[in-house]
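Worksheet for the structure shown next.
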Amino acid sequence: MRFRNAAATVTVALTLGIPLGIALGRLGQGKPAVPPDRAPARAASPGDPAFGTYWHDGKAELDGYRYTLTRYGQKRRGQALAIYVTEPFSRSKNVKVDDAARNPGDTFDVLKLNLVRDFQTGIYDYNTMTSLFARSQDFEPVKLSFSSTEWCGNVYEELRIDPGRVSQKLSSYFEDESAAREERRPRGGILEEELFIRLRGLAGAYVAPGESRTVPMLLSAFRRRLTHQPLRWTSARIERMAAPQTISVPAGRFKTAAYSVKIANGSEGLFHVEAAYPHRLVRWEWKQGEADDSGELSGSARLQYWRLHGEGDERYLARLGLRPGVSMPR
């Protein structure tokens with residue numbers, strides 16, 4: 001079986017011109033080979049590499065953040081981590097596939113964002129993660145999942161995103177919250193979570209300097225969880241500042257493109273995106289009452305994190321400005 005998978009991987013790599021070392025390096029390591037219909041090269045911003053030449057290198061981008069959040073009327077401090085990685089995805093199963101060569105007609109390439117937020121509230125802590133799967137070809141979202149774990153219980157939400165609708169499955173320890181429902185997806189509507197990908201401009205600028213656009217927006221699963229709001233669409237005005245700004249964060253000093261986001265309910269966001277490629281998110285902040293939150297880049301690395309699970313590999317967290325979630329014995 002391993003030999004047949006390797007042969008298929010070699011065939012796919014040679015057909016697509018993928019570096020053979022990268023393709024074979026992914027085989028059997030928890031990270032699948034690039035799928036047969038990976039996204040074609042697209043028009044990038046001047047000076048930026050084509051999407052595939054950078055994002056199909058067999059590594060993930062890991063961005064650590066110094067994180068703050070308002071919860072129960074008090075400011076909390078924690079840490080956040082954004083993981084960006086490409087992987088093959090199944091149209092029919094709506095999940096990552098293990099062997100991209102087995103059914104190429106059902107497989108397409110996605111850019112996945114896993115956004116982890118961990119913070120303490122008195123005696124107990126919150127651990128949340130958002131997973132957004134966006135089609136690499138045009139960054140259209142196809143799936144979003146969200147989980148929240150704290151001492152009271154667990155909540156899990158999954159959204160399937162189709163061109164004209166969003167289907168939700170919600171499981172909650174709160175009474176009468178668990179449900180399955182559908183919402184019409186308005187034309188041009190985006191998920192709030194998409195801002196973490198779209199504003200990076202990996203396929204060209206989402207908004208030109210000095211310009212703005214107003215779009216329907218689905219409030220994020222994280223925001224809805226902390227404020228106990230139902231699935232609903234609103235609108236948001238996204239504006240890019242005309243001139244770049246230079247800001248300092250724990251990871252250093254960066255020249256950035258600044259975006260303001262104003263949601264119809266009164267919430268306001270500010271996103272600073274690195275001017276140079278790969279246009280990492282350097283800082284974000286939301287003013288939204290009970291769920292104000294912000295993150296400042298504390299460190300970044302491109303790593304095959306799925307291989308770094310051995311005793312002592314927690315040392316890599318220092319490169320991200322993060323600390324282990326559990327104190328390590330000495």
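The first residue in the sequence is number 1, and the count goes up from there. Model, not experiment: these values are computed from the prediction.
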Item to check | Donor-acceptor contact below 3.5 Å, side chain Asp138 vs main chain Glu140 | outcome: yes
Item to check | Non-hydrogen side-chain atoms of Ile238 and Ile190 separated by less than 4.5 Å | outcome: yes
Next on the checklist: Do Leu320 and Tyr316 sit in one hydrophobic cluster, given that two such residues count as connected whenever their side-chain heavy atoms are within less than 4.5 Å of each other, even indirectly?
Outcome noted: yes
Item to check | Test item: Glu314 side-chain N/O and Gly312 main-chain N/O as donor-acceptor pair under 3.5 Å | outcome: yes
Checklist entry - How far apart are the C-alpha atoms of Leu81 and Asp118, what are their side-chain angles, what is the distance that settles it, and do they pass the side chain to side chain contact (heavy atoms under 4.5 Å, CB included) test? => result CA-CA 9 Å; Leu81 171 66; Asp118 294 331; over 6 Å; no
Checklist entry - Going through the checks in order, is the side chain to side chain contact (heavy atoms under 4.5 Å, CB included) test met by Leu195 and Met217? => result CA-CA 10 Å; Leu195 296 173; Met217 179 175 285; 4.0 Å; yes
Item to check | Close aromatic pair by centroid cut-off 6.0 Å: Phe133 and Phe89 | outcome: yes
Item to check | Any Leu270 side-chain heavy atom under 4.5 Å of Val261 side chain | outcome: no
Checklist entry - Are Phe108 and Arg91 close enough, and set up right, to give a side chain to side chain contact (heavy atoms under 4.5 Å, CB included), and what steps lead you there? => result CA-CA 7 Å; Phe108 61 96; Arg91 289 185 176 90; 3.4 Å; yes
Next on the checklist: Would you say that Thr234 contacts Arg232 through its side chain, given a criterion of any heavy-atom pair below 4.5 Å between the two side chains?
Outcome noted: yes
Next on the checklist: Has Gln304 got a side-chain atom pairing as donor or acceptor with Trp306's backbone, closer than 3.5 angstrom?
Outcome noted: no
Item to check | Closest contact, heavy atoms only, Leu111 versus Ser136 | outcome: N-OG, 3.3 Å
Next on the checklist: Just by distance, no angles: are the side chains of Arg117 and Thr128 close enough, under 3.5 Å, to form a donor-acceptor pair?
Outcome noted: no
Item to check | Joint cluster assignment, Leu202 & Leu115, ILVMFWY side-chain distance < 4.5 Å | outcome: yes
Checklist entry - Within the distance-only criterion (no hydrogens, no angle test), does the side chain of Ser90 pair as donor or acceptor with the backbone N or O of Val95 below 3.5 angstrom? => result no
Next on the checklist: I want to check a possible cation-pi pair here: Arg200 against Tyr84, using under 6.0 Å from ring centre and within 45° of the ring axis as the test.
Outcome noted: yes
Checklist entry - Quick one: do the Ser172 and Glu177 side chains pair a donor with an acceptor below 3.5 Å? => result yes
Next on the checklist: Taking CZ in Arg181 as the centre, count heavy atoms belonging to other residues, nucleotides or ligands within less than 6.0 Å. Is the count above 12?
Outcome noted: yes
Checklist entry - Do Glu192 side-chain atoms and Ser220 backbone N/O form a donor-acceptor pair below 3.5 Å? => result yes
Next on the checklist: According to a hydrophobic-cluster definition based on side-chain heavy atoms being under 4.5 Å apart (Ile, Leu, Val, Met, Phe, Trp, Tyr only), do Tyr72 and Val155 belong together?
Outcome noted: no
Next on the checklist: Would you compute the distance between atom NZ of Lys169 and atom OG of Ser145 and round it to the nearest 0.5 angstrom?
Outcome noted: 13.0 Å
Checklist entry - Would you call Lys93 and Asp106 a salt bridge, taking side-chain N to carboxylate O under 4.0 Å as the test? => result no
Item to check | Residue pair Tyr156 / Glu158, side-chain donor-acceptor N/O under 3.5 Å | outcome: yes
Checklist entry - How far apart are the closest heavy atoms of Arg319 and Leu303, and which atoms are they? => result NH1-CD2, 3.7 Å
Next on the checklist: Parallel, tilted or perpendicular: which one describes the rings of Tyr126 and Tyr124, with boundaries at 30° and 60°?
Outcome noted: tilted
Item to check | Ion pair Lys59/Glu61, N-O distance below 4.0 Å | outcome: no
Checklist entry - Does any donor atom in the side chain of Ser171 or Ser178 lie under 3.5 Å from an acceptor atom in the other side chain? => result no
Item to check | Side-chain heavy atoms of Cys152 within contact of Tyr173, under 4.5 Å | outcome: yes
Next on the checklist: Check whether Ser298 reaches the backbone of Gly64 with its side chain - one donor and one acceptor, N or O, closer than 3.5 Å.
Outcome noted: yes
Checklist entry - Judged by atom type as modelled, is there a donor-acceptor pair below 3.5 Å linking the side chain of Lys143 to the main-chain atoms of Asn94? => result yes
Checklist entry - Quick check: are there more than 12 heavy atoms from other residues, nucleotides or ligands sitting under 6.0 Å from CZ of Arg315? => result yes
Next on the checklist: Between Leu219 and Thr227, is there a side-chain heavy-atom distance shorter than 4.5 Å?
Outcome noted: no
Item to check | Option among Arg135, His56, Gln137 that satisfies the side-chain hydrogen bond (donor to acceptor under 3.5 Å, both in side chains) test with Asp109 | outcome: His56
Checklist entry - In Å and rounded to the nearest 0.5 Å, what is the CD to CG distance from Glu183 to Leu159? => result 10.5 Å
Next on the checklist: Treating His279 as the side-chain partner and Glu274 as the backbone partner, does any N or O pair qualify as donor plus acceptor under 3.5 Å?
Outcome noted: yes
Next on the checklist: Looking at Arg225 and Glu150, is any side-chain nitrogen of the basic one under 4.0 Å from a carboxylate oxygen of the acidic one?
Outcome noted: no
Checklist entry - Is there a side-chain contact between Leu144 and Thr130, using heavy atoms and a 4.5 Å cut-off? => result yes
Next on the checklist: Measuring only between side-chain heavy atoms, which start at C-beta, is Pro141 closer than 4.5 Å to Arg198?
Outcome noted: yes
Item to check | Partners meeting ring-ring contact (aromatic ring centres under 6.0 Å, His included) with Tyr67 (sequence neighbours left out) | outcome: none
Next on the checklist: For the residue pair Thr70 / Arg76, report whether a side-chain donor-acceptor contact shorter than 3.5 Å exists.
Outcome noted: no
Next on the checklist: Donor-acceptor pair, distance only, cut-off 3.5 Å: does the side chain of Arg237 make one with the backbone of Thr214?
Outcome noted: no
Checklist outcome for this item: One should read off an interatomic distance between Arg71 CZ and Gln120 CD, to the nearest 0.5 angstrom, of 13.5 Å
Item to check | Partners meeting side-chain contact (heavy atoms from CB on, under 4.5 Å) with Ala275 (sequence neighbours left out) | outcome: Lys255
Checklist outcome for this item: Here the gap from Glu182 atom CD to Arg160 atom CZ, rounded to the nearest 0.5 Å, amounts to 10.5 Å
Item to check | Any side-chain heavy-atom pair of Glu87 and Val97 under 4.5 Å | outcome: no
Item to check | Arg283 NZ/CZ over Tyr65 ring centroid, <6.0 Å and within 45° of normal | outcome: no
Checklist entry - Does Met241 belong to the same Ile/Leu/Val/Met/Phe/Trp/Tyr cluster as Leu199, with side-chain heavy atoms less than 4.5 Å apart forming each link? => result no
Checklist entry - Is there a salt bridge (charged side-chain N to carboxylate O under 4.0 Å, His left out) between Lys287 and Glu268 once you walk through the steps? => result CA-CA 5 Å; Lys287 295 181 179 179; Glu268 294 187 9; over 6 Å; no
Checklist entry - Does a donor on one side chain sit under 3.5 Å from an acceptor on the other, for Ser131 and Asn114? => result yes
Next on the checklist: Tell me whether Ser267 contacts the main-chain N or O of Ile263 through its side chain, where contact means a donor paired with an acceptor under 3.5 Å.
Outcome noted: no
Checklist entry - Applying the 4.5 Å side-chain criterion to the ILVMFWY set and letting contacts propagate, would Leu322 and Leu308 be lumped into a single cluster? => result yes
Item to check | Gap between atom CG of Leu132 and atom CG of Leu191 - 0.5 Å precision | outcome: 7.0 Å
Item to check | Gln168-Glu157 side chain donor-acceptor pair, cut-off 3.5 Å | outcome: yes
Checklist outcome for this item: Residues pairing under ring-ring contact (aromatic ring centres under 6.0 Å, His included) where one sits in residues 194-233, two or more places apart or in two chains, turn out to be Phe174-His228, Phe196-Phe271, Phe196-Trp284
Checklist entry - Going from CG on Leu231 to CG on Leu170, what distance comes out if it is rounded to the nearest 0.5 angstrom? => result 9.5 Å
Item to check | Criterion side chain to side chain contact (heavy atoms under 4.5 Å, CB included) on Leu297 and Phe254, from CA distance to verdict | outcome: CA-CA 10 Å; Leu297 188 68; Phe254 294 85; 4.0 Å; yes
